[in-house]
Each structure stands twice: as C-alpha cells, then as structure tokens.
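To keep things clear, I will list the structure first and then write my remarks on it.
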Number of protein chains: 2
Amino acid sequence: MANIKPAVAGFSALGDPTRREIFQRVAERPRAVGELASGLPVSRPAVSQHLKVLKEAGLVREVADGTRRVYHIDPRGVGAMREWLDKHWRAALGAFQKFADDETEKEQSK
Amino acid sequence: MANIKPAVAGFSALGDPTRREIFQRVAERPRAVGELASGLPVSRPAVSQHLKVLKEAGLVREVADGTRRVYHIDPRGVGAMREWLDKHWRAALGAFQKFADDETEKEQSK
DNA sequence: CCTTACGGTAAGTTATAACTTACCACTTTG
DNA sequence: CAAAGTGGTAAGTTATAACTTACCGTAAGG
C-alpha cells in the first residue's frame with residue numbers, strides 16, 4: 001500500500017466535482033471526515049469513499065488523531081500533476097512553433 | 001460560444017483516460033480527427049465527441065484545413081489548470097506549516 | 001465496562017457519460 | 001457536377017461510478 005500511482009491518477013481523481021470540492025477544503029486546512037461531510041451535500045460514507053480515491057491518487061494523506069482521521073494535502077501528488085501538465089504544455093508550445101514555421105514556408109512557396 | 005470556462009472544467013475533461021490519451025497525442029503535434037481515431041481503440045465519432053469536450057474546456061483549438069479539422073493544444077486552458085493546482089498547492093503548504101507548528105507546540109506542552 | 005464519537009466497508013440503486021451505428025453537411029478534385 | 005474524403009451530430013445502449021442505508025470496528029471518557 002501507499003504505493004505511488006502514476007501522476008495521471010490525480011486527473012481521474014479530480015475529474016469528479018465533489019472530490020474537487022473536498023480537495024479544495026482540505027487544501028484550506030487539514031480536516032476530519034465528519035467536518036468535511038457536515039459542509040457538503042453528500043453523506044459521510046460518500047466522503048470517506050472520495051477520500052480513499054484521493055488518497056490512492058497520492059493527493060491527500062491521512063493522519064490519525066484518536067478516533068478521528070485528519071486529512072492533509074499531499075504536495076507530492078499535486079507536484080506530479082503539475083509536472084505532467086508542464087511536460088505536455090512545453091511539448092505543445094514546441095509543436096506549435098514548428099507548425100507556425102511550416103505554415104510560413106507554405107505561405108512563401110505560393 | 002468560444003466562452004472561457006472556469007479553469008476547473010479542464011479537470012473534468014482530463015478525468016477521462018481516452019481524453020487524456022487524445023490530449024497527449026495532440027500535444028505531441030497537431031492532428032486531424034481521422035488521424036487520432038485511427039490510432040485509438042474507439043470510433044471516429046467518439047473522438048469527435050471527446051474533442052468537443054476538450055475544446056469547451058479550453059484545452060484544444062480547432063483549425064480548419066480543407067475538409068479536415070486539425071486540433072492543437074490551447075496553452076491558455078493548460079495554464080489555467082496549472083494556476084489552479086498551484087493555488088491550492090501553496091495553500092496546502094501554508095496550512096501544513098501551520099499544522100507542523102501546532103504539533104510542535106503540543107509536543108512541547110506535554 | 002458501557003457508552004459515545006468517529007469513520008471505514010458492504011451491498012444495492014440509479015444517474016450519467018462513454019461508446020456505438022446511422023445519417024447528413026461540407027469541401028476538394030477529377 | 002459527381003464522387004470521394006472528412007468529420008460533426010442524433011439517437012440509443014450499456015457500463016460504471018457516485019450515491020444511499022445498514023452494519024461493524026476502534027479509541028476515548030465517564
């Protein structure tokens with residue numbers, strides 16, 4: 001367990017609006033499950049299930065405090081997502097440059 | 001049309017594995033619909049539908065070339081996603097720092 | 001201990017979205 | 001202008017995942 005899943009798992013996890021909402025609230029400050037559930041329009045078990053997905057995606061960590069489970073953002077998972085975005089962003093910028101150059105050539109050969 | 005949706009729409013869009021695959025291939029270099037479909041295990045209409053979602057999320061742009069539609073990454077949408085991630089990442093780092101400080105206090109007052 | 005607080009898991013329901021095929025619209029070209 | 005190439009859209013099917021309620025386990029406190 002606690003295995004580092006590919007960065008891409010974070011995108012599947014944050015694809016759900018409820019999970020994004022949970023993620024944002026945990027990012028504000030660490031929160032327990034009940035606290036999260038009381039501020040959301042879904043049941044507590046639903047929140048637990050979402051937190052499990054976020055945890056497996058490496059986006060949050062769980063810290064026991066008595067019977068409570070306090071959830072924190074895991075910066076590593078978020079960082080992995082940033083890197084993934086950056087990689088493809090840079091690739092796209094490069095490709096766009098090449099495309100623009102090609103278009104210029106075409107234009108000139110008219 | 002062509003309205004800029006909130007950055008968060010990108011996460012819903014990239015939550016689907018097939019759309020991530022399409023996004024990656026478009027990031028490599030601009031591609032037409034048929035080219036994308038021929039390299040994927042789904043039908044061409046499915047690719048069209050995915051591209052529509054990606055476009056509405058501001059992640060790709062469409063450039064007409066005769067009867068073909070060539071799709072490019074739209075750096076603005078990707079940039080918006082990076083900013084969203086960064087915002088919450090920084091918020092979390094700050095909150096984590098505060099949490100660590102609190103824990104230290106607790107430890108010391110034992 | 002017994003009770004209360006807290007939360008994870010199982011099982012079942014249901015809404016959705018990812019797919020398919022069929023069809024149509026548009027350019028380009030012979 | 002007919003034919004071929006390309007791709008968007010409509011309609012319908014189906015797999016899935018987001019939810020619910022019910023139940024159980026564990027830690028803290030009287």
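In the text below, chain A, chain B and the rest are named by the order of the sequence lines, each starting its count at 1.
Regarding A:L40, its CG atom lies at a distance of 14 Å from the C1' atom of D:dA18, rounded to whole Å. Rounded to a whole Å, the CG atom of B:D65 is 11 Å from the C1' atom of C:dT27. The separation between A:L14 atom CG and D:dA18 atom P is 12 Å, rounded to whole Å. A straight line from CD of B:E56 to P of C:dA17 spans 13 Å, rounded to a whole angstrom.
Under the ring pair (Phe, Tyr, Trp, His ring centres under 6.0 Å) criterion, B:Y71 pairs with no residue, sequence neighbours left out. The salt bridge (Lys or Arg N to Asp or Glu O under 4.0 Å) search around B:E21 returns B:R25, not counting sequence neighbours. B:W89 pairs by the ring pair (Phe, Tyr, Trp, His ring centres under 6.0 Å) definition with nothing, not counting sequence neighbours. Taking the salt bridge (Lys or Arg N to Asp or Glu O under 4.0 Å) definition, one finds that B:R31 meets it with B:E28, B:E35, sequence neighbours left out. B:D74 is linked by a salt bridge (Lys or Arg N to Asp or Glu O under 4.0 Å) to B:R76, counting only residues two or more places apart in sequence or in another chain.
Minimum heavy-atom separation, B:G15 to B:R20: O-NH1, 3.4 Å.
For the segment residues 15-23 of chain A, the set of residues with a heavy atom within less than 4.0 Å of an atom of DNA chain D comprises A:D16, A:T18, A:R19, in numerical order.
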Determine, for nucleotides 2-13 of chain D in 5'-to-3' order, which nucleotides have protein heavy atoms under 4.0 Å from the base (write B), from only the sugar-phosphate (write S), or from neither (write -). ---BSBBBB---

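Note on the helix from C:dC1-D:dG30 to C:dA25-D:dT6: terminal axis deviation equals 40°, with five pairs used at each end and the result rounded to 10°.
You'll find the side chain of B:V78 stays beyond 4.5 Å of the side chain of A:H88, heavy atoms only.
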Quiz: residues 41-49 of chain A side-chain donor-acceptor pairs under 3.5 angstrom, not counting sequence neighbours:
residue: A:S43; atom: OG; partner: A:A46; partner atom: N; Å: 3.4

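Applying the ring pair (Phe, Tyr, Trp, His ring centres under 6.0 Å) definition to pairs two or more places apart or across chains, none involves residues 35-58 of chain A. Applying the ring pair (Phe, Tyr, Trp, His ring centres under 6.0 Å) test to pairs two or more places apart or on separate chains, those with a residue in residues 9-48 of chain B are A:W84-B:F23, B:F11-B:W84.
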